[in-house]
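Predicted, not measured: the structure shown is a model, and the values here were computed from it. Scope of the values below: all heavy atoms of this structure, side chains included, with no hydrogens, waters or symmetry mates.
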Amino acid sequence: MNGILSFLKPLNPNPDSKWQKYFKDNEVLLQIDKDVRRLCPDISFFQQATEFPHEKITVYNHLRLHKRVEFSVLNYANVTRKGLGMSKLTLTTKKTNEEYLPLPEGQEAHWEVVERILFIYAMLNPGQSYVQGMNEIVGPIYYTFASNPNNEWREFAEADTFFCFTNLMSEIRDFFIKTLDDSDYGIVGLMNRLMNAVRENDFQLWKQLEQQELKPQFFSFRWLTLLLSSRISTSRLNVIRVWDSLFADEKRFTFLLHVCCSIVLRDRILGSDFSTNMKMLQKNLQNTKSIYEIY
């Protein structure tokens, strides 16, 4: 009887049970795992092995985080009938989306380190937990520390990243809390400030956006919540150059609004229709030259 009860413990409906918490944590981890496996796909850095993998993984062979949410999936194929009889059946295999794969046992990729940072942060901040996009914020921070030419700095990249990421999130966490969206400190309030800045600096451009009903929610939400980390492309890590100026400014969120104003392509927007402008505003910024010239 005791053996049966032990077996049924994972089914305990009590929300305070350890198993319920374990499964709930795994839901958070699953989302983190998906996001970090696609972090900055235009560079190979996050797929590479770190020089300083976690000791518990390399020495004691502890369970790696991604294995907690790893599913065993059988290979399968679609059966397509062409004519009559079994000899006329063909198999069409489906391919999965590309994502970073784990390295062999004893090694640890940089994306696995980022996964651990985000998961620990989520566990220590249950009121906020993990929200999609945080991976885009922690990525450039970790890259900066982990690619430092000083070997001693690289060794402590994980701890330094966690410290800096936690401090940065303490400033922008309101952007990720849905209940604060409409407050003065939430993301909606910041988007309204952006449109006010556009109106003050370029009334004609603001009027065009208003007439075409190009709401800031359509294009600036990710600009602001992710501090432009996913909007500046060519190499996404060009964002480090912008962040150098952003974090050095005491009025950094006002600075952020000015940068966002500078990347709205005025001449092209004034001469284009709604559909063209929407695509232009939503796509990644390919040319950051204008930002560097101004700031």
Side-chain angles (χ1 to χ4, degrees), residues 34-35 38-43 97-98 131-137 139-140 171-172 174-178 180-247 249 251-295:
K34 288 180 180 179
D35 292 345
R38 304 185 182 107
L39 184 59
C40 294
D42 45 352
I43 61 174
N97 294 327
E98 290 185 6
V131 180
Q132 276 189 289
M134 289 182 180
N135 59 309
E136 299 277 4
I137 294 175
E171 288 196 39
I172 64 174
D174 290 353
F175 301 163
F176 293 89
I177 299 177
K178 190 172 181 61
L180 297 178
D181 280 356
D182 296 321
S183 71
D184 292 339
Y185 302 100
I187 187 59
V188 175
L190 192 61
M191 288 190 290
N192 290 336
R193 286 171 57 193
L194 171 61
M195 294 307 291
N196 289 336
V198 174
R199 182 176 183 174
E200 292 174 4
N201 289 280
D202 194 330
F203 182 80
Q204 187 179 3
L205 175 60
W206 173 84
K207 187 175 181 180
Q208 174 84 345
L209 296 174
E210 286 289 307
Q211 288 177 342
Q212 294 186 350
E213 296 186 353
L214 285 163
K215 304 296 184 184
Q217 295 91 324
F218 299 159
F219 60 89
S220 68
F221 180 84
R222 287 178 63 82
W223 293 7
L224 297 170
T225 54
L226 306 185
L227 308 179
L228 296 170
S229 63
S230 67
R231 296 292 90 187
I232 297 175
S233 201
T234 347
S235 164
R236 288 193 187 183
L237 294 172
N238 280 336
V239 72
I240 294 173
R241 169 64 184 85
V242 177
W243 280 10
D244 278 344
S245 299
L246 180 67
F247 297 149
D249 197 317
K251 299 179 180 179
R252 57 181 59 91
F253 296 114
T254 301
F255 176 89
L256 177 63
L257 296 179
H258 285 307
V259 175
C260 288
C261 286
S262 75
I263 61 181
V264 178
L265 306 176
R266 180 183 193 276
D267 294 338
R268 294 173 63 182
I269 287 177
L270 291 177
S272 303
D273 58 17
F274 171 85
S275 178
T276 303
N277 285 336
M278 179 66 76
K279 292 178 182 177
M280 187 162 41
L281 288 167
Q282 289 185 338
K283 74 177 183 178
N284 286 345
L285 302 172
Q286 298 299 328
N287 184 7
T288 58
K289 183 179 178 182
S290 61
I291 299 175
Y292 300 146
E293 287 177 345
I294 296 173
Y295 300 104

Is it true that a side-chain atom of T276 and a backbone atom of D273 form a donor plus acceptor pair closer than 3.5 Å? no
On a heavy-atom basis, which atom in L270 and which in L205 lie closest, and how many Å separate them? CD2-CA, 4.1 Å
Is N192 reaching over with its side chain to a backbone N or O of L190, donor-acceptor style, under 3.5 angstrom? no
Ignoring hydrogens and geometry, is there a side-chain-to-backbone donor-acceptor pair from W243 to L227 under 3.5 Å? yes
Heavy-atom pair with the smallest gap, counting every atom of T225 and I172: O-CD1, 4.3 Å
For F219 and L214, the nearest pair of non-hydrogen atoms, with its separation, is CE2-O, 3.6 Å
Tell me, with the steps shown, if N196 and L257 meet side chain to side chain contact (heavy atoms under 4.5 Å, CB included). CA-CA 10 Å; N196 289 336; L257 296 179; over 6 Å; no
Would you mind reporting whether F255 and K251 have side-chain heavy atoms less than 4.5 Å apart? no
F221 meets the ring-ring contact (aromatic ring centres under 6.0 Å, His included) criterion, sequence neighbours left out, with none
For residues 195-208, the salt bridge (charged side-chain N to carboxylate O under 4.0 Å, His left out) pairs (sequence neighbours left out) are D202-R266
Value rounded to 0.5 Å, distance of CZ in R193 from CG in L224: 9.5 Å
Taking C-beta and beyond as the side chain, do F247 and R252 meet within less than 4.5 Å on heavy atoms? yes
Mind checking whether L209 and M195 have side chains closer than 4.5 Å, heavy atoms only? yes
Using side chain to side chain donor-acceptor pair (under 3.5 Å) as the criterion, list what pairs up with D174, not counting sequence neighbours. none
Just wondering, do E136 and R222 contact through their side chains at under 4.5 Å, heavy atoms? yes
For L194 against C261, the heavy-atom pair lying closest together: CD1-SG, 4.0 Å
Inter- and intrachain pairs under side chain to side chain donor-acceptor pair (under 3.5 Å), touching residues 208-221, at least two apart: Q212-N277
List for me each residue that meets side chain to side chain contact (heavy atoms under 4.5 Å, CB included) alongside V131, sequence neighbours excluded, and say none if there are none. M134, F176
In chain order, what residues pass the side chain to side chain donor-acceptor pair (under 3.5 Å) check against S272, with sequence neighbours excluded? none
Shortest non-hydrogen contact from V239 toward L228: CG2-O, 3.9 Å
